[in-house]
Amino acid sequence: MRILVKTTAMVTLMLLGIGSSANAQVSIGISIGPPPPPRVVYAPAPTPGPEFVWVEGYWYPVGNHYKWHNGYWTRPPYQDARWVGPRHDGERFYPGYWDGDRGRFEHDHHWDRDRDRDYGRHDRDR
C-alpha cells in the first residue's frame with residue numbers, strides 16, 4: 001500500500017511538470033508489517049545446566065517474510081547477561097539482543113549454531 005501511494009504521488013508530480021529530471025529523486029520503501037502471533041507455547045525441556053538461559057521462540061524478518069525461531073536453551077555471551085526479546089512496534093522490527101553490565105551484545109542467528117551454543121533447538125525441529 002505504501003509503495004502504491006508513493007509511486008502514485010511521484011507519477012502525478014512528474015505528469016504535472018513539478019519535478020525536474022535534473023534533480024529527481026526516487027524513494028521506495030518496502031515494509032513487511034508486524035510478524036504473526038507466536039506459535040504454540042510449550043514448556044521448555046529441563047535446563048541442561050546452571051549456565052544456560054531459556055530464550056522463548058520468536059519471529060524474525062528474513063527478506064520479505066518472517067521466519068520462526070524455536071525457543072531454546074543457550075549460554076549467554078557473558079555471565080549475568082539477560083536476553084531482551086525482539087519486538088515490533090507496529091512499524092519497525094527491533095531484533096533481540098543480550099544486555100547486562102558489560103553492555104549490549106547483538107544476537108546473530110548463525111552465532112548459536114556456529115559455536116554449538118544451543119541445546120534442544122535441533123531436537124525440536126526433527
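In this text, all values refer to a predicted model and were calculated from it rather than measured experimentally. Quick note: residue numbers are just sequence positions, from 1.
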Exactly one candidate in Trp54, Trp83, Phe52 meets ring-ring contact (aromatic ring centres under 6.0 Å, His included) with Trp73; the answer is Trp54

Residue list, side chain to side chain donor-acceptor pair (under 3.5 Å) with Arg92, at least two apart or on another chain = none

Pairing residues for Pro61 by the side-chain contact (heavy atoms from CB on, under 4.5 Å) criterion, not counting sequence neighbours | Ile32, Tyr66, Phe93

Minimum heavy-atom separation for Tyr78 to Gly100, with atom names?
-> OH-N, 3.0 Å

Is a salt bridge present between Asp99 and Arg104, judged by a nitrogen-to-oxygen distance below 4.0 Å?
-> no

Tyr97, Tyr58: one ILVMFWY side-chain cluster at the under-4.5 Å cut-off?
-> no

Can you tell me how far CH2 of Trp98 sits from CG of Asp80, rounded to the nearest 0.5 angstrom?
-> 11.5 Å

Are Val84 and Tyr60 connected in a single hydrophobic cluster, I mean Ile/Leu/Val/Met/Phe/Trp/Tyr linked by side-chain heavy atoms less than 4.5 Å apart?
-> no

Nearest heavy-atom approach of Gly57 to Trp68 is C-CH2, 3.4 Å

Looking at residues at least two apart in the chain, or sitting in another chain, which of them share a side-chain contact (heavy atoms from CB on, under 4.5 Å) with Arg87?
-> Asp89, Tyr94

Roughly how far, to the nearest 0.5 Å, is CD of Glu51 from CD of Gln79?
-> 10.5 Å

Is the closest side-chain heavy-atom distance between Val53 and Tyr72 below 4.5 Å?
-> no

